[in-house]
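A short write-up of the structure that comes next.
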Amino acid sequence: MILPWIPLLALLGVVVPLLTRQRGRRFCSLATAAPAILALLLVFSQVPALLAGDLPRFQLAWVPQLGLDLAFRLDGLSLLFVSLILGIGLLILLYAHYYLEAHEPFARFYSFLMLFMLSMVGIVMADNLLLLWLFWELTSLSSFLLIGFWSHWTDARKGARMALTVTGAGGLALLAGLLLLGDMAGSFDLGVVLESREAILADPRYPLMLVLVLLGAFTKSAQFPFHFWLPHAMAAPTPVSAYLHSATMVKAGIFLMARLHPAIAGSEAWELIVTLTGMATLLYGAWFALLKTDLKAILAFSTVSHLGLITVLLGIGSPLAILAALFHILNHATFKAALFMSAGIIDHETGTRELGRLGGLRRAMPVTALLTSLTAAAMAGVPLFNGFLSKEMFFAEAAASPLLGGLSWLLPVLATLGGILSVAYSLRLVHAVFFKPARKAPPKSPHEPPRLMRAPVELLAALCVLVGLLPVIAEVPLGLAVEAVLLTPLEFHLAIWHGLNLPLLMSVIALIAGVLLYALHAHLRQFGRQFSPMDARLIFEGAVQRLMTWSERLTVRLENGSLQRYMSWLLGAALLLGAIGLLQLPSLAGARPTQEADGILLLGAALMIFGALGTVATHRYRLISLLMLSVVGLVVSLTFARFSAPDLALTQLSVEVVTMILLMLALFFLPQKTPRESSAGRNIRDLGLAASLGMVVASLNYAVLTRDNHGISDFFIANSVPGGGGHNVVNVILVDFRGFDTLGEITVLALAGLAIFKLLNRLRLFMPHSDGEGRVWSPDRYPLILTSVSQALLPLALLVSAFIFLRGHNLPGGGFIAGLITAVALILVYMARGVEWTQQRLDFQYQPVAIAGVAIATLTGLGSWLFGRPFLTSAFGHFHIPAIGDIELATAMLFDLGVYLAVVGATLMILANLGKLTTPHRPSKEEKH
Amino acid sequence: MTVFVLLEGVISLLLIAGGAFIFIGSLGMAHLRDFYMRLHGPTKATTLGIGCMLIASMLYFWVTEGKPDIQEMLITLFLFITAPVTAHLLAKTGLHQKLRHADKTRGKPLELRPEEVGEKPVPHPDRGHG
Amino acid sequence: MLDTALWISLTLVLAALALNVYRLTVGPDMPDRLLALDTMYVNSIALIVLLGLWLNTKTYFEAALLIAMLGFISTVAVCKYLLRGDIIE
Amino acid sequence: MITPRSWLPTPLLTILLLVVWLLLVRSLSLGHILLGGLLGVLIPLATRRFWDAQPHVQKPWLLLRFALRVLGDIIVANLQVSWLIINPWRRMRPAFVEYPLMLEQRFTITLLANTISLTPGTVSANLRMDGKTLLIHALDVEDEEALIAEIRERYERPLKEIYEC
Amino acid sequence: MESLYAVTTGVLSACGLFLTLRGRTFPVVVGLTLLSYAVNLFLFSMGGLTTDGAVIVDGPSDYADPLPQALVLTAIVIGFAMTAFAVILAMRARGDLGNDHVDGEDNREDRAS
């Protein structure tokens with residue numbers, strides 16, 4: 001299957017230039033061209049199959065859940081476009097090889113170009129709507145890169161941004177449309193979609209889908225009123241303009257309409273929208289093409305107008321109209337690319353694109369003059385050129401179309417008008433540049449370009465003439481393409497002479513009137529000047545600016561950098577949600593019978609509430625509120641003990657101590673008192689907020705407590721001994737059943753320790769020399785009694801923590817608590833002896849300890865892999881040692897050891913580093929400062 | 001049988017005594033006249049009270065579980081180690097803060113050497129939140 | 001008999017706690033409050049012992065042990081803070 | 001050759017730890033005795049560098065006697081203090097007493113100070129930085145001299161005898 | 001008993017939240033601690049309030065729910081780490097900004113409201 005190789009080769013083309021950059025431009029150009037040539041050959045190799053009537057397809061599931069497949073097809077339509085894209089792409093490459101200045105990063109340019117080629121190939125070959133959309137967006141991106149290639153030039157940047165914004169927005173609309181379409185058709189597979197026309201047309205969502213898809217197509221193909229980005233995209237280097245804005249990208253929208261034609265066209269809405277938009281675009285573009293004075297601007301607007309023409313044909317939608325559309329796509333690609341390149345040559349050789357400064361170039365560059373005249377004639381639709389054929393078919397279809405009912409004569413008239421204009425501006429283009437004497441001399445003295453730079457133009461011009469003379473050669477590809485669009489073969493014959501008929505008349509009118517129009521176009525310019533030139537860019541930029549300012553204002557209103565405000569918003573939201581949740585309860589109290597409260601509980605609750613309120617009441621006297629806080633902590637741990645959670649009680653107690661020390665350490669560096677600064681109103685607001693949230697929490701808690709909840713705990717209790725080999729279920733859960741959570745938690749702990757360690761370094765803080773009442777600190781740094789007691793307590797504490805650790809698996813205790821006890825004991829030494837003294841005697845650092853803890857835990861988990869068990873599977877066994885008795889060993893204990901180390905390391909990392917903060921620059925004796 | 005009754009009596013007695021001592025300790029802390037006197041209550045009476053209770057529980061579990069088990073002694077041990085330190089440091093703090101003491105107290109506690117009470121007060125930096 | 005004794009001493013302990021709270025609230029000075037807090041810790045040992053007696057279990061013994069061993073450390077920390085400001089120096 | 005001093009720096013502490021361990025685990029099984037012994041050896045080795053030079057107990061039996069006496073005193077003292085607290089007609093005579101120390105070593109001084117804090121209505125309030133005088137606050141004394149003398153006789157002398165002579 | 005418990009949790013969280021709304025860093029940290037007490041109590045109570053049901057399995061009995069206990073146990077430790085981190089941030093803020101207002105600049109409370 002060779003289909004996927006075509007995009008793959010294009011992809012290869014993206015990297016080749018970057019790799020071969022050093023080998024010089026010539027080599028690089030050739031190397032870049034090679035994959036494209038190969039791809040083109042591959043494409044042609046498929047033609048026989050197509051002629052034989054079967055349809056090469058390739059499918060590879062990518063994200064089947066989304067219906068996104070890597071699917072390609074190569075039907076007639078794809079064939080037409082792929083050969084256009086690759087063929088013209090190659091010519092452009094050749095052209096660019098000469099066009100770019102020596103110093104410009106040609107490799108990057110080639111790479112971008114190939115990227116664009118890849119995305120275009122992807123679009124036209126995609127056999128899956130989503131895939132098509134992906135490539136569609138890729139074209140927007142790559143064209144952004146190409147248009148903005150001269151990024152030092154602000155016009156280039158602005159133009160690129162504008163193009164990206166417009167086409168990108170269109171792309172989003174298209175995505176929505178395609179999703180709808182796929183939903184209607186029941187699949188994103190193109191084949192299916194094309195088959196299910198009735199279902200789609202019948203679907204009520206059809207109009208919406210149609211509008212969205214057309215938005216995508218129109219923005220891409222620069223249809224009025226989305227045309228404005230195209231002229232500004234002319235800031236791109238000419239090869240880009242020639243490639244993107246004549247042959248390929250702007251045709252993507254057209255292609256989309258043709259591609260989906262069988263599925264979504266044919267409805268009233270389609271015909272009206274598409275035809276009228278096209279007609280408007282046709283006239284608008286033509287008119288401005290006549291007025292502009294910049295060579296590339298003229299070409300850009302003429303492109304707009306020709307795209308409009310094609311759109312009109314697609315809107316009309318009769319078989320012959322489709323044929324004409326495809327034919328004109330082909331022709332326009334050839335002559336417009338050629339024109340752009342000649343414009344580039346002129347620019348390149350004379351240094352300007354202003355008609356005012358050009359003129360009389362036919363002596364300087366006769367060949368270019370000839371080529372330009374030929375291609376311009378094709379654009380104007382002069383007989384015996386390819387443009388003439390398709391344009392005449394266009395006139396015929398416009399005349400024959402029954403659209404607009406009673407006003408159906410309007411279409412041909414407007415069509416003729418468009419023809420007149422296009423003749424006029426083509427004539428103007430040629431005459432003004434080559435024949436009319438120049439008013440001012442161009443910056444550079446003009447001369448012919450290098451031979452090979454002209455070659456692509458020559459080739460294309462030759463094609464124009466050739467097809468114009470014997471249209472038959474175009475019949476085969478067109479036949480295939482039309483069949484792909486109409487899903488049925490179409491009998492047709494391309495001829496130059498159809499006898500005297502209306503279309504011929506229209507062409508003649510167009511020619512004569514066009515010449516006349518140009519003859520007096522000076523007056524037209526006068527006429528045109530009366531209208532204030534509305535620059536689309538200014539409008540666009542203005543819109544962007546307004547958007548920016550508006551969002552800025554919004555941001556400032558919402559996010560003013562005040563944490564308090566955020567908090568209140570947050571809490572308000574939480575309150576709302578919680579309240580809503582509560583409102584849904586049938587009744588607050590559940591079925592479970594409540595238990596009696598006794599005196600102890602009453603007092604305990606009273607103590608806790610007292611402590612909490614006290615903390616708040618005294619929060620401006622920070623030390624006192626800390627004492628109050630630790631009352632709460634104490635009672636909380638008692639509560640845990642009361643409600644049969646010994647492990648929690650132990651943990652809470654030790655954490656209590658650690659927290660107290662931490663806060664004391666911090667308080668030393670922070671103000672001792674909080675100023676009274678909250679306004680009364682704010683206090684009231686906060687009180688209200690907090691109180692109502694408290695009520696919500698209370699009712700929530702009550703609701704939970706009074707309902708029966710069947711948790712998964714029975715499993716744990718049942719399997720703790722057989723599965724985990726431990727009697728203390730809480731500990732077994734921690735180190736075994738939910739060991740993975742614990743692993744994560746100790747990791748967080750270690751990370752917090754490290755983060756704090758980092759935050760603390762090179763932190764210089766002012767250290768008060770006196771306490772809140774202005775008393776100078778006592779000089780007795782290390783009270784003797786404290787020191788000796790701390791040293792007496794250390795061994796005992798270590799013993800106890802060893803005890804707590806070892807029994808943890810079967811009785812209350814475990815790594816967390818043991819670690820905290822050890823840490824606290826060491827902290828006591830720190831307090832009693834100071835940092836230097838302790839550090840000298842501690843021959844290890846804390847960071848490694850914490851990390852080692854996490855590592856041990858992890859390794860224990862990994863160890864179970866060695867035995868082919870899942871991560872963190874614990875094993876345990878009872879070993880009988882004579883005279884000593886059973887000893888139980890469980891790998892979970894190793895894990896617990898990891899927890900222990902992590903806790904010790906992290907806690908000491910936090911507290912000891914915090915304490916260290918003062919030692920380096922702490923005056924031994926209090927000195928005034 | 002009578003042994004158990006006797007034991008039960010002893011245990012109950014100890015319990016009540018312990019509670020009483022604890023209460024007295026806190027009472028002293030609550031209503032004595034100056035800080036230094038309040039200090040005595042908790043450090044002594046309370047410690048003793050805890051001791052009584054621990055003995056009670058020791059006896060109780062001895063009776064119920066049948067085997068002697070004096071691990072409660074550990075708590076007493078720790079209390080004996082720690083309670084004095086707390087008291088000492090608290091008193092030290094009190095002296096440092098020059099807490100006033102009942103007038104009738106004899107001895108002049110505050111004639112601490114100048115290097116022991118810091119020099120004359122300096123304004124605190126956090127007045128008005130730098 | 002035992003139960004009544006239990007309840008009596010429980011009541012006494014609770015009363016003691018209430019007294020601590022009183023001292024903690026009125027102060028007047030930091031050391032007073034600190035003393036009250038420390039006493040509260042010690043008294044809670046008694047509470048836990050009583051709980052163990054009441055539930056006839058030794059599960060909570062370690063909690064009491066821990067308070068006896070570590071409870072004083074936070075008090076020491078605050079003292080050190082009041083004395084030196086910097087508790088780890 | 002490994003001398004006992006090097007792996008068993010403080011036999012008393014080791015024994016203490018062993019006992020505490022056995023108390024904690026509530027069993028006398030051989031396994032626990034071994035484990036406790038092991039910890040009793042390891043922990044001092046691990047923590048010895050956190051100690052000042054440890055005075056060595058010269059006369060352990062005196063230490064035991066001293067401990068018992070202190071225990072007794074504690075009970076008595078507490079009864080006294082409790083009575084002082086609840087006695088409505090009490091007339092306390094609180095006093096600050098400067099106690100000149102004979103002991104020199106930090107550890108023993110600490111022991112003395114703690115003992116004082118635990119026993120008769122006295123709290124060791126402050127130790128002069130030169131470590132030569134101990135400020136004692138007493139709840140109820142009629143005669144400072146007597147108090148000083150009592151402390152010296154009852155506690156300081158035995159301590160000095162046990163550790164420092 | 002349940003109602004008592006619930007009310008206590010509510011009061012704790014209310015106080016904690018009020019403090020977290022203050023303008024200076026230290027009260028906010030204290031508030032966070034208070035709040036985490038409340039949250040731990042709340043989570044702990046998810047398994048219901050059991051008396052004398054410590055989950056030390058030895059023969060059948062009515063045990064407390066071990067799962068919330070295990071989760072809360074780690075929550076307590078992590079809570080400490082979180083508090084520590086907040087505290088250090090507060091100190092860092094004071095060291096770098098020179099004041100201890102949560103917004104990093106003094107006297108803006110009323111502007112914020």
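Predicted model, so just to flag it, every value in this text is computed and none were measured. In what follows, chains are A, B, ... by sequence order, proteins preceding strands, each numbered from 1.
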Distance col, row E:Ile76:CD1 vs A:Glu656:CD, nearest 0.5 angstrom, shows 10.0 Å

Practice item. Find out whether A:Pro675 and E:Arg24 are in side-chain contact, i.e. whether some heavy atom of one side chain is under 4.5 Å from a heavy atom of the other. Key: yes

Distance col, row A:Leu613:CG vs E:Cys15:SG, nearest 0.5 angstrom, shows 4.5 Å

So CD1 of E:Ile88 and CG of A:Leu760: to nearest 0.5 Å the spacing works out to 4.5 Å

In terms of heavy-atom pairs under 4.5 Å with chain A, the winner among E:Ala90, E:Gly95, E:Ala75 is E:Gly95

- Quick one: are E:Val7 and A:Tyr702 in side-chain contact, heavy atoms under 4.5 Å? no

In terms of heavy-atom contacts, A:Ser568 and E:Leu21 come closest through N-CD2, 3.9 Å

So, the part of E:Val72 with a heavy atom under 4.5 Å from chain A: the answer is both

Bottom line for E:Leu19: the part with an atom under 4.5 Å from chain A's heavy atoms is side chain

Ranked by heavy-atom pairs below 4.5 Å to chain A, first place among E:Thr50, E:Leu41, E:Thr25 goes to E:Thr50

Rounded to the nearest 0.5 Å, the CG atom of A:Leu705 sits from the OG1 atom of E:Thr9 at a distance of 7.5 Å

Okay, E:Val29 and chain A: the region with an atom under 4.5 Å from a heavy atom over there is side chain

Turns out that what part of E:Tyr37 lies under 4.5 Å from chain A's heavy atoms comes down to side chain

Bottom line for A:Met695: the part with an atom under 4.5 Å from chain E's heavy atoms is neither

| Between the main-chain N or O of E:Leu49 and the side-chain N or O of A:Gln595, is there a donor-acceptor pair closer than 3.5 Å? | yes

Bottom line for E:Phe44: the part with an atom under 4.5 Å from chain A's heavy atoms is side chain

### Query
Looking only at side chains, do A:Asp741 and E:Thr74 share a donor and an acceptor under 3.5 Å apart?
no

Scored by heavy-atom pairs under 4.5 Å with chain A, the best of E:Thr20, E:Asn40, E:Asp65 is E:Asp65

side-chain contact (heavy atoms from CB on, under 4.5 Å) between A:Met608 and E:Leu12: does it pass, once the steps are laid out?
-> CA-CA 8 Å; A:Met608 240 192 272; E:Leu12 255 62; 3.9 Å; yes

Quick one: does E:Glu2's side chain have a donor or acceptor within less than 3.5 Å of a partner on A:Thr706's backbone? no

Minimal heavy-atom distance between A:Ala755 and E:Phe85, with the atoms involved, is CB-CE1, 3.5 Å

When rounded to the nearest 0.5 Å, the distance separating OG of A:Ser625 from CZ of E:Phe26 is 6.0 Å

Check: A:Val729 main-chain N/O paired with E:Gln69 side-chain donor or acceptor under 3.5 Å:
no

Notebook entry, point to check: Can any side-chain N or O of E:Arg94 pair as donor or acceptor with the backbone N or O of A:Phe669 at less than 3.5 Å?
Noted result: yes

Between A:Ala752 and E:Ala81, the two heavy atoms sitting closest are CB-CB, 4.0 Å

**Request:** Taking the side chain as every heavy atom from C-beta outward, state whether A:Met567 and E:Arg22 have any pair of such atoms under 4.5 Å apart.
**Result:** no

(Q) Could you tell me if the side chain of A:Arg620 sits less than 4.5 Å from the side chain of E:Pro27, heavy atoms only? (A) no

Highest number of heavy-atom pairs under 4.5 Å with chain A among E:Leu17, E:Val11, E:Thr8, E:Leu73 belongs to E:Leu73

Smallest heavy-atom separation, A:Asn683 atom then E:Phe18 atom, equals O-CE1, 4.0 Å

Closest non-hydrogen atoms of E:Ala14 and A:Ala691, given as atom of the first, atom of the second and distance, are CB-CA, 4.3 Å

The reported gap from OH in E:Tyr5 to CZ in A:Phe643 (rounded to nearest 0.5 angstrom) is 7.0 Å

**OP:** Begin with the C-alpha distance, continue with both residues' side-chain angles, and end with the deciding distance and a verdict on side-chain contact (heavy atoms from CB on, under 4.5 Å) for E:Met91 and A:Leu759.
**Re:** CA-CA 10 Å; E:Met91 288 167 59; A:Leu759 271 177; over 6 Å; no

Please step through side-chain contact (heavy atoms from CB on, under 4.5 Å) for the pair A:Glu745 and E:Val77, ending with a clear verdict. CA-CA 9 Å; A:Glu745 268 135 359; E:Val77 183; over 6 Å; no

Heavy-atom nearest pair, E:Ser45 first then A:Asn701, reads OG-OD1, 3.0 Å

